[in-house]
Amino acid sequence: MAKDNYLGSELWRIRHSTAHVMAQAVRDIFPEGAAKIAIGPPIADGFYYDFDLPRPLTPADLEEIEKRMRKVLSEEHEFIRRELSADEAREIFKDQTYKQDLIAGLEAGGFDEYGEPIEEDTVISTYSHDDFVDLCRGPHVGSTKDLNPKAIKLLNVAGAYWRGDERNPMLQRIYGTAWRTEQELNKYLHKLEEAKKRDHRRLGKDLDLYSTNPDIGSGLVLWHPNGAYVRYKAEQYCMDEHLKNGYEFVYTPHIGKAQLWETSGHLTWYDEYMYSALDIDGDPYFLKPMNCPFHIMIYKNSLRSYRDLPLRWAEWGTVYRYERSGVLHGMLRVRGFTQDDAHIFCSPEQMPDEIDRVLNFCLHILRGFGMKEFHAYLATRDPDKSPGDSERWDDATEALRAALERAQLPFDIDEGGAAFYGPKIDLKMIDALDREWQLSTIQFDFNLPDRFDLTYIAEDGKQHRPYMIHRALLGSMERFMGVLVEHYGGAFPFWLAPTQAVLIPITDRNLPYVEKAAEQLRENGIRVKVDSRTDRMGAKIRDAEKLKIPYMLVVGDREEEAGTVAPRLRTGDQLDPISIEELLVRMSEEIKNHDQV
RNA sequence: GCCGACGUAGCUCAAUCGGUAGAGCAGUCGCUUUGUAAGCGACAGGUCACGGGUUCGAGUCCCGUCGUCGGCUCCA
């Protein structure tokens with residue numbers, strides 16, 4: 001559902017009202033005044049409400065809360081709106097410290113009843129039902145009769161800081177969902193179950209793609225042969241495309257002296273993500289959190305002419321960043337990862353063309369993986385976290401905006417989300433649970449060329465300052481792999497599949513023929529396995545289906561006599577028996593076209 | 001990092017009140033020679049995450065560490 005249509009819609013109001021009923025129930029299971037209520041908005045697919053409570057909530061509490069909610073919903077209570085003065089509101093919520101805070105924001109203006117900044121004028125209002133009153137702008141359903149007791153469910157309890165700020169108290173947040181009908185609720189719960197099956201952490205185990213190990217450390221990924229194969233094919237494709245697109249490759253070390261990171265500004269602006277120094281002969285060295293300073297040093301290695309520009313240097317560069325333990329997530333957020341990084345050095349005049357070129361190249365690469373749906377952001381400056389004069393920031397931001405518009409790519413503004421050295425365009429993909437993960441990034445940089453005093457000799461024979469673009473298209477191989485697994489639900493297209501075909505002999509006497517067929521496929525570059533176990537064919541098919549292998553090639557006496565194999569696709573479709581030669585033609589077409597099935 | 005939950009065989013899970021750690025799948029071996037999603041049987045597989053404590057006795061209770069999960073930013 002489009003966001004604009006959701007706000008204030010029937011489902012939105014159902015969830016908003018259900019949140020109020022939940023807050024009422026939570027209040028009632030604690031002694032008078034012990035439960036402090038904070039905020040409880042509707043969200044996509046449900047709602048939450050934050051509470052400050054004298055003790056942690058248990059699963060039994062959730063059941064009790066749900067029970068009390070159903071009781072309220074079995075009665076009829078109107079939702080009644082009332083507008084009131086700040087003083088009246090303060091009196092009604094006199095024991096509710098968080099509401100007092102919100103009332104102050106409403107009274108001063110510029111904040112809504114959730115403490116979020118808004119532009120429109122605020123009117124202080126409450127909604128009440130039964131004996132429960134909440135500071136609220138609405139809208140709500142008419143009465144509790146409009147809420148279906150069979151279509152609500154509380155999902156989980158989580159911690160959340162008051163106003164999202166970690167300096168504030170930690171509240172307890174209850175997430176719930178609410179729908180019109182029991183069927184809708186069940187459909188949604190079923191969708192959550194299905195999403196779990198697509199989770200890359202689940203599939204990473206099932207398909208033996210990767211693991212992590214506590215003895216190695218959190219957020220450090222071990223790529224198993226299957227995962228490594230997919231990565232290899234993905235990298236091979238991307239690298240070839242890079243060469244075609246005018247890039248050159250470089251390789252650089254994993255560590256560099258402190259002075260380098262001082263010059264680059266990383267130790268000033270990025271140190272919270274950097275690991276502590278290594279001591280080498282008394283000099284401090286740091287693991288690289290980014291590749292840029294190294295590429296810059298290659299640039300500085302010679303005198304550069306305008307005739308050399310643009311220089312497009314790419315490196316599959318492995319970086320290490322300290323991420324807080326609680327944010328690590330499978331392959332999607334890790335501490336060591338390999339970016340498909342590149343830096344483009346160009347003249348100011350070349351900049352707009354280069355941005356266009358990168359953006360188009362990026363879309364081309366992503367399409368090669370069947371990715372067409374993503375969310376584009378233009379990330380702007382956070383003045384507290386970035387040096388440089390604001391005029392150049394504005395110019396650079398406008399240059400990126402113009403490129404997005406030329407590419408006719410819809411985008412949102414990510415206010416203050418820029419890198420410390422310049423604004424950027426980010427493309428984010430959606431995971432199995434509808435969470436967004438940033439893959440591609442195209443970053444404008446006028447900062448590092450200054451810091452490192454980069455120059456080129458222009459036509460006028462004088463030294464000029466080049467511009468720099470940082471960009472990663474897949475983002476990192478780790479995160480890309482995670483998103484890719486979820487994108488395909490583990491069923492990689494033929495060109496990427498770690499095992500492309502499994503040969504299934506029906507009886508042992510078919511084994512020599514099968515081995516020969518396998519050899520022929522292998523010689524033609526197909527990744528094939530032979531299932532020579534003494535199990536029945538049905539069992540072998542079942543196992544191959546679980547591994548999502550694109551082709552199962554069944555061989556019995558009939559095929560052997562005819563000199564064919566009987567292909568079964570993982571979709572369950574069976575093809576007519578076909579010779580290896582014909583099969584190879586079909587397969588090479590699929591590889592060439594990156595067929596997505 | 002913070003709040004909460006969790007950690008038992010390669011995987012998915014069980015073990016009542018604190019009383020000898022169990023199953024299915026996977027694996028190995030044997031039998032079966034099989035026609036499109038699980039043949040039959042046997043065997044093997046464990047420092048109950050790790051460290052400490054309480055107890056006659058700890059997978060179970062307590063403390064710490066490590067790790068994982070949900071959330072904390074987005075999800076309007």
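Below, chain A is the first sequence line, B the second, and so on; all start at residue 1. These numbers were taken from a predicted model, which means no experiment stands behind them.
Checked against B:A37, B:G35, B:U33, the side chain of A:T507 finds its nearest nucleotide in B:U33. Between B:G39, B:C72, B:A76, one nucleotide has an atom nearer to the side chain of A:D535 than all others, and that is B:G39. Checking B:G71, B:U68, B:U34 against the side-chain heavy atoms of A:I506 singles out B:U34 as nearest. Side-chain proximity of A:R202 to the nucleotides B:C11, B:A76, B:G1 is greatest for B:C11. With B:C75, B:U33, B:U36 as the candidates, the nucleotide lying closest to the side chain of A:Q574 is B:U36. Between B:C72, B:G1, B:U36, one nucleotide has an atom nearer to the side chain of A:E166 than all others, and that is B:G1. Nearest to the side chain of A:R509, among B:U36, B:U33, B:G39, sits B:U33. Checking B:G1, B:G4, B:U68 against every side-chain atom of A:S218, the shortest atom distance belongs to B:U68.
Nearest-nucleotide positions on RNA chain B place A:D206 closer to the 5' end than the other of A:D206 and A:N213. Across the interface with RNA chain B, nearest-nucleotide mapping of A:P567 and A:A158 shows A:P567 to be the residue nearer the 5′ end.
Comparing the C1' positions of B:C31 and B:A5 gives an interatomic distance of 48 Å, to the nearest angstrom. Here the separation of B:U32 from B:C13, taken at their P atoms, is 37 Å to the nearest Å. Taking atom C1' in both B:A58 and B:C2, one finds a spacing of 31 Å when rounded to whole Å. A distance of about 14 Å separates the C1' atoms of B:A49 and B:A9, rounded to the whole Å. For B:G10 and B:G46, the P atoms lie 7 Å apart once the distance is rounded to whole Å. Comparing B:U60 with B:G18, their P atoms are spaced 11 Å from each other, to the whole Å. B:A15 and B:G67 have their P atoms separated by 28 Å, given to the nearest Å. A distance of about 14 Å separates the P atoms of B:C3 and B:C63, rounded to the whole Å.
Ion pair A:D414/A:K424 not flagged as a salt bridge, since none of the NZ, NE, NH1 or NH2 atoms sits closer than 4.0 Å to an Asp/Glu carboxylate oxygen. Ionic pairing of A:D146 and A:R13 is not present here: no N-O contact between side-chain nitrogen and carboxylate oxygen is shorter than 4.0 angstrom. A salt bridge does not link A:E193 to A:K197: none of the charged nitrogens lies less than 4.0 Å from a carboxylate oxygen. Contact check on A:D61 versus A:R55 returns a salt bridge, with a Lys/Arg side-chain nitrogen under 4.0 Å from an Asp/Glu carboxylate oxygen. Using a cut-off of 4.0 Å between Lys/Arg side-chain N and Asp/Glu carboxylate O, A:E560 and A:K516 are scored as not salt-bridged. Note on A:R201 versus A:D199: salt bridge recorded, some NZ/NE/NH1/NH2 to OD/OE distance being below 4.0 Å.
Against the 90° criterion about 0, the sugar-base torsion of B:C17 places it in the syn range.
In this structure, the CG atom of A:L220 is 13 Å from the C1' atom of B:G67, given to the nearest Å. Note: CH2 (A:W12) to P (B:C75) measures 14 Å, nearest angstrom. Rounded to whole Å, atom C1' of B:C75 lies 11 Å from atom OH of A:Y188. Rounded to a whole Å, the CZ atom of A:R533 is 14 Å from the P atom of B:C25. Rounded to an integer number of Å, the gap from CH2 of A:W162 to C1' of B:C3 is 17 Å. B:G71 atom C1' lies 15 Å from atom CG of A:L328, rounded to whole Å. Rounded to a whole Å, the CG atom of A:N156 is 18 Å from the P atom of B:C3. What separates CD1 of A:I39 from P of B:C75 is a distance of 11 Å, to the nearest Å.
Side-chain nitrogen and oxygen atoms of A:Y273 include none within less than 4.0 Å of the OP1 or OP2 phosphate oxygen of B:G1. The side chain of A:R163 contributes no N or O atom lying less than 4.0 Å from OP1 or OP2 of B:C72. A:R542 has no side-chain polar atom (N or O) that falls below the 4.0 Å cut-off from OP1 or OP2 of B:U36. Contact check, A:K205 against B:U12: a side-chain N or O comes under 4.0 Å of OP1 or OP2. Distances shown here put a side-chain N or O of A:S325 below 4.0 Å from the OP1 or OP2 atom of B:G1. Between A:R570 and B:A37, a side-chain N or O to OP1/OP2 separation shorter than 4.0 Å is absent. The phosphate of B:U33 (OP1 or OP2) has no side-chain N or O of A:T534 nearer than 4.0 angstrom. Between A:R167 and B:C2, a side-chain N or O to OP1/OP2 separation shorter than 4.0 Å is absent. Of the side-chain N and O atoms in A:H329, one or more sit less than 4.0 angstrom from OP1 or OP2 of B:G70.
Searching all strands for a Watson-Crick or G-U wobble partner of B:C72 with both distances below 3.5 Å returns B:G1. Checking B:U12 for Watson-Crick or G-U wobble geometry (two distances, each under 3.5 Å) identifies B:A23 as its partner. Base pairing of B:G59: no nucleotide in any strand meets the Watson-Crick or G-U wobble criterion (both distances under 3.5 Å). Pair check for B:G67 finds B:C6; Watson-Crick or G-U wobble, both atom distances under 3.5 Å. With a 3.5 Å ceiling on both atom-pair distances, B:A44 lacks any Watson-Crick or G-U wobble partner. Partner assigned to B:G35 is none, using Watson-Crick or G-U wobble distances below 3.5 angstrom.
Using a 4.0 Å heavy-atom criterion, one finds that A:I541 contacts the bases of the nucleic acid, with or without backbone contacts as well. Residue contacts shown for A:G556 include a base, since a base heavy atom lies under 4.0 Å away.
If you check distances only, the side chain of A:R536 never reaches the base of B:A37 with a donor-acceptor pair under 3.5 Å. Judged by distance alone, with hydrogens and angles left aside, A:Q172 brings no side-chain donor or acceptor close enough to the base of B:G71 to form a pair under 3.5 Å. Between the side chain of A:Y161 and the base of B:G1, at least one donor-acceptor pair of N or O atoms lies under 3.5 Å.
Between A:E323 and A:V334, the shortest heavy-atom distance links the atoms CG-O, 3.6 Å. Contact detail for A:V530 and A:A518: the closest heavy-atom pair is CG2-CB, 3.6 Å.
A:D52 and A:W162 share no donor-acceptor pair across their side chains, judged by distance under 3.5 Å alone.
The shortest distance between side-chain heavy atoms of A:Y98 and A:D50 does not fall below 4.5 Å.
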